[in-house]
Amino acid sequence: MPGPGALFIFSLFGAALIALRLAGYTWKTRSAPGAAALCVMNLLIALWTSSYAFELSRASLTEKVFWAKVQYLGIAFIPTVWLIVALHYTGHERWTSPRRLGWLALEPLLTLGLAWTNERHGWIWSSIALDVQGPFPRMAVIHGTWFYIHVAYAYSLMLLATILFLRFLLRRPSLYRGQAGMMMLGLLAPWAANGLTALLNPFPTVTFDFTPYGFVVGGLALAWGAYRFRLLDITPIAYETIIENMADGLIVLDASHRLVDLNPSAARMLGLDRDRALGRPAREILALWPDLATRLREATETREEMVLGEGEARRFYELQISPVRDRRGRMIGWALTLRDLTRRREMELILEDRERFLRSLYEILGTALESPDLPSMLQVLADRLGAIIGADGCFITQWDERSGQPIPMAAYGPLREIYPTLRAQPGEVTATESALRAGRPLPIEDVFNTPYLSPRIAAQFPTRSLLALPLIAGGKWLGALLIAYNTPHRFTSEEIARGEIMARIVALAIAKARSLEEAQARWREADTLRRAIAAVVEAPTLTVMLRRILEQLRTLIPYDSASVQWLREGYLEIVGQSGLPESVLGFRFPIPGDNPNTRVVLERKPLILPDAPAEYPIFREPPHAPIRSWMGIPLIAQDRVIGMLALDSYQPGFFHEDHLRLVMPFVNSAAVALERARWLEEERRHREELSRLNQDLEAFAHTVAHDLKQPLGVILGATEFLEKDLETLSVEELREHLRWIRRVGKKMHRMIEELLLLARVRYTEVPREPVAMGTIVEAVLERLAPLITETGAHIDLPESWPTVLGYGPWLEEVWANYLSNALRYGGRPPRVVLGADRLPNGALRFWVKDNGPGIPPEEQARLFAPFGVRDRRPGSHGLGLSIVRMIVEKLGGEVGVESTPGRGSTFWFTLPAADSAQQPGLPPLRSGEGSYG
């Protein structure tokens with residue numbers, strides 16, 4: 001279509017393009033207030049203008065009517081969408097709820113429906129014709145009734161949107177006024193074009209509509225607003241919304257101090273009815289707040305804090321009074337801002353109170369840590385904490401890990417003196433254990449109705465409510481802090497929080513005090529251990545060392561009795577004791593055997609018996625009967641068990657692992673020292689043995705040279721006499737001389753046999769085995785029968801003999817020597833008594849008692865010396881008792897004599913009993929185990 005008609009049509013398409021471009025722009029900023037509605041409106045404008053362009057470009061009436069109906073999508077909805085845009089943009093979006101939008105959409109939907117069904121009723125177009133006059137064919141229409149109803153509805157909505165924009169223009173900064181102005185122009189341009197249509201078309205027929213061309217101007221205005229004023233990039237904020245919703249109270253007075261406005265926050269703060277208060281003098285509405293009224297009368301620009309109300313209704317505010325001036329600088333009123341500081345002030349007061357509380361705790365802690373010991377420190381903490389929290393009682397307990405029971409330590413209040421003496425019964429529920437197991441504070445409002453405390457314990461206190469706070473530091477249970485009230489009390493979160501702080505401080509104080517005490521104790525232990533080891537190591541002899549070991553051991557562990565035991569072949573022998581009878585020395589324990597010593601030796605590790613009599617019957621018999629708890633520690637040197645230490649206590653459960661930790665370094669050092677002393681003792685014994693061998697060799701030479709020389713000389717002389725006078729001697733004289741030579745030869749033979757036996761005993765090792773002593777004695781009596789008959793002796797024997805550990809042939813020689821001496825040197829006739837006793841250490845003592853003249857004390861010491869003599873009667877040469885001593889000592893016993901001149905003598909010897917020997921069928925000691933014997 002050439003000519004002017006083309007210009008009309010293409011301008012409409014241009015308007016549609018502008019609208020589409022604006023729709024795309026607003027869609028990108030759809031989160032801004034009104035942007036989504038503005039996007040929809042531009043799409044509708046594009047639809048309206050392009051549809052009108054198609055209507056103008058078509059020649060047939062049918063096509064024109066179709067595109068006219070399409071236009072009603074924009075005609076019906078654009079006024080409603082414009083109002084929605086205005087409501088959002090100006091901060092009235094609360095009016096755009098889904099329900100209200102539904103009501104607003106009813107009229108456009110009805111209008112659109114009527115347009116598309118116009119042929120049935122003619123409510124939109126009552127008459128439609130084709131006007132071919134002019135540059136291009138046009139529709140000539142006469143509008144129906146609903147069209148004018150819609151116009152009235154649309155104009156109302158457009159008017160309302162215009163009012164909203166006008167109010168916004170008057171109250172906003174220049175940037176927002178520019179944005180609103182461009183939107184206002186975009187609104188008014190189509191409105192003006194619509195008015196122009198009404199003026200230029202003869203009523204009632206309309207042949208040309210200028211409204212879509214108004215969108216060309218409106219679209220350009222909106223495009224300029226987007227470019228120049230960043231429309232929708234910087235969105236306006238409704239002042240009314242801010243003022244209405246601000247948390248601070250705002251009061252506006254005119255120059256005469258009349259209330260012009262106040263926001264909801266101010267009305268709520270002052271308890272005013274907003275509608276009734278507006279317009280009234282400030283002195284009337286603020287009569288209940290004289291301080292605020294006074295400040296308003298003085299009306300000076302200020303910022304200060306003030307308090308309104310009393311008691312629980314008291315509130316803290318920050319008051320700011322600012323003058324309100326017009327554009328000419330004239331004061332036209334006052335603006336008062338009230339900011340509620342109550343919460344902040346309450347928090348400040350709480351923080352100040354907590355600061356004072358923490359400062360007090362810090363001072364208390366400093367004072368407590370200056371205490372000389374832990375009990376004193378806990379008492380200071382209980383007294384001071386109880387005072388600052390204002391409770392009726394404050395108790396501190398410690399937790400004993402060994403017994404699993406709390407130990408009352410300190411108390412604040414009437415029970416201060418007796419509280420440390422109280423104890424819980426075994427298995428009884430305590431608040432301390434309950435809090436420790438829970439690992440958190442336990443508020444107990446009724447101590448008689450709680451699973452956390454035994455009723456028996458609760459009945460001992462006047463307490464009715466209790467806060468149990470666990471004392472835990474470094475994951476260790478230390479005890480509990482108990483805060484008590486004698487009347488029912490509900491614990492607040494603040495009280496519990498403060499209790500936790502106090503408990504934490506008390507726990508740290510206890511942990512620090514314990515650490516300090518432990519460090520001091522460790523230092524004292526180390527010093528005591530050092531001195532103990534030095535005393536043992538510096539001992540000059542083994543005997544002194546054994547005594548010092550037991551003395552120094554008592555400084556480390558306060559035992560009641562103790563012993564040092566050496567491991568010999570098949571038994572442990574007590575070689576040192578403290579707190580026990582002297583008779584236990586030499587007492588032997590079979591290894592293996594039914595005794596705890598066996599476990600210590602075989603397992604090579606310490607053993608603690610909390611209740612010794614319950615585990616081993618040996619502790620129910622003397623001399624062990626008083627012992628209730630027992631600890632055995634092996635003595636290990638060069639990876640060999642050389643013995644053990646046994647410690648006894650009359651108190652059950654006395655020994656524990658801490659004792660072992662303390663004493664083990666001392667025991668290890670003592671074992672090394674004992675091994676060294678044993679080696680030195682053996683060296684000394686070897687030297688003494690060598691010296692004794694030299695003495696024996698010298699004595700042996702003397703015996704051979706002296707004692708054998710005389711009888712040998714007699715024999716030689718007799719043979720020479722016989723050789724020379726043989727022919728002159730009678731047969732009887734010859735026989736007498738031969739009998740004499742035979743007697744002297746027998747004596748020499750006996751001396752030689754004894755010398756050989758002495759040599760054999762010294763260098764021969766024989767097996768020790770159970771020996772029936774009665775059989776040995778019978779054999780000796782039979783052997784000495786001629787001498788018994790010759791002397792007319794009377795011998796008394798016991799009814800029975802015990803079994804010993806020894807070697808039969810050697811024991812026969814011992815009895816033969818003792819009996820022959822008693823027969824030779826006893827009374828006339830000899831009366832000899834034989835017997836046996838059991839010693840306290842378990843050994844057996846055998847004895848031979850004669851009725852002879854006795855032995856002077858000065859000679860008793862020489863009796864058992866090598867080649868010592870009892871007297872100088874013929875036939876005595878002194879080898880017999882030397883042999884006895886060597887045999888008995890070789891078999892692990894001792895010899896001795898008890899004699900009083902004129903009252904006879906008793907010769908004795910000791911040997912181990914057979915029942916203390918290693919029993920058959922039991923496992924032997926492990927290889928590598930050493931002994932002292």
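This is a predicted model, so every value here is computed, not measured.
The shortest side-chain heavy-atom distance between P853 and P901 does not fall under the 4.5 Å cut-off. Residues L580 and S563 form a side-chain contact, since some pair of their non-hydrogen atoms from C-beta on lies under 4.5 Å apart. Using a 4.5 Å cut-off on side-chain heavy atoms (C-beta onward), V832 and L819 make contact. Counting heavy atoms from C-beta on, the side chains of Q565 and N597 come closer than 4.5 Å. Residues L811 and L911 have side chains in contact (heavy-atom distance under 4.5 Å, counting atoms from C-beta outward). S629 has its side chain out of reach of D611: every pair of non-hydrogen atoms, C-beta onward, lies at least 4.5 Å apart. Under the 4.5 Å side-chain criterion, counting only non-hydrogen atoms from C-beta, V601 is in contact with L567. Inter-residue side-chain proximity for L797 and V777 is flagged as met; some heavy-atom pair is nearer than 4.5 Å.
Residues satisfying the side-chain hydrogen bond (donor to acceptor under 3.5 Å, both in side chains) test with S899, not counting sequence neighbours, are S905. With sequence neighbours excluded, no residue satisfies salt bridge (Lys or Arg N to Asp or Glu O under 4.0 Å) with R628. When the ring pair (Phe, Tyr, Trp, His ring centres under 6.0 Å) test is applied to W801, the partners found at least two apart in sequence or on another chain are W815. Under the side-chain hydrogen bond (donor to acceptor under 3.5 Å, both in side chains) criterion, Q577 pairs with E582, sequence neighbours left out. Contacts of F846 classified as ring pair (Phe, Tyr, Trp, His ring centres under 6.0 Å), with partners at least two apart in sequence or in another chain: F909. Annotation: side-chain hydrogen bond (donor to acceptor under 3.5 Å, both in side chains) contacts of R620 (sequence neighbours excluded): none. Legend: residues meeting side-chain hydrogen bond (donor to acceptor under 3.5 Å, both in side chains) with T910, ordered by chain and number and at least two apart, are absent. Remark: I407 pairs with D400, M409, R423 by the side chain to side chain contact (heavy atoms under 4.5 Å, CB included) rule, at least two apart or across chains. For W847, there are no ring pair (Phe, Tyr, Trp, His ring centres under 6.0 Å) partners at least two apart in sequence or on another chain.
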Using the side-chain contact (heavy atoms from CB on, under 4.5 Å) rule, take V771 and L805 through it: C-alpha gap first, then chi angles, then the decisive distance, then the call.
CA-CA 6 Å; V771 176; L805 185 67; over 6 Å; no

Given V814 and V888, is the side-chain contact (heavy atoms from CB on, under 4.5 Å) satisfied, shown in steps?
CA-CA 8 Å; V814 171; V888 172; 4.2 Å; yes

So M631 and L660, side-chain contact (heavy atoms from CB on, under 4.5 Å) or not? Walk me through it.
CA-CA 9 Å; M631 180 166 67; L660 280 179; 3.6 Å; yes

Please report the C-alpha distance between I788 and I795 in whole Å, then the side-chain angles of each, then the deciding distance to 0.1 Å, and finally whether the side-chain contact (heavy atoms from CB on, under 4.5 Å) criterion is met.
CA-CA 9 Å; I788 295 172; I795 300 177; 3.6 Å; yes

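With values rounded to the nearest 0.5 angstrom, R845 atom CZ is found 14.5 Å from R838 atom CZ. To the nearest 0.5 Å, atom CG of residue L635 and atom CD1 of residue I642 are 5.5 Å apart.
Of all heavy-atom pairs spanning T791 and P830, the tightest one is O-CD, 3.3 Å. Smallest separation of non-hydrogen atoms from L834 and P798: O-CD, 3.3 Å. A pairwise comparison of heavy atoms in Y559 and A562 identifies CE1-CB, 3.5 Å as the closest pair.
In this structure a side-chain-to-backbone donor-acceptor pair under 3.5 Å is present from N595 to P590. Here the side chain of N851 pairs a donor or acceptor atom with the backbone of R831 at under 3.5 angstrom. When atom types are taken as modelled, the side chain of R599 and the backbone of L607 share no donor-acceptor pair closer than 3.5 angstrom. A donor-acceptor contact shorter than 3.5 Å links the side chain of R828 to the backbone of G826.
Partner N817 forms a side-chain contact (heavy atoms from CB on, under 4.5 Å) with one of V780, V884, V848 and no other, that one being V884.
Sequence neighbours left out, the pairs with a member in residues 570-579 that pass salt bridge (charged side-chain N to carboxylate O under 4.0 Å, His left out) are R568-E573, E573-R588. Residue pairs meeting the salt bridge (charged side-chain N to carboxylate O under 4.0 Å, His left out) criterion with at least one member in residues 771-786, sequence neighbours excluded: R783-E812, R783-E813.
E894 CD: 12 or fewer foreign heavy atoms inside a 6.0 Å radius.
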I'd like a table of donor-acceptor pairs (distance under 3.5 Å, sequence neighbours excluded) in which one partner is a side-chain atom from residues 647-656, with atom names and distances.
from : atom 1 : to   : atom 2 : distance (Å)
D648 : OD2    : S561 : OG     : 2.7
S649 : OG     : Q651 : N      : 3.2
H656 : ND1    : D658 : N      : 3.2

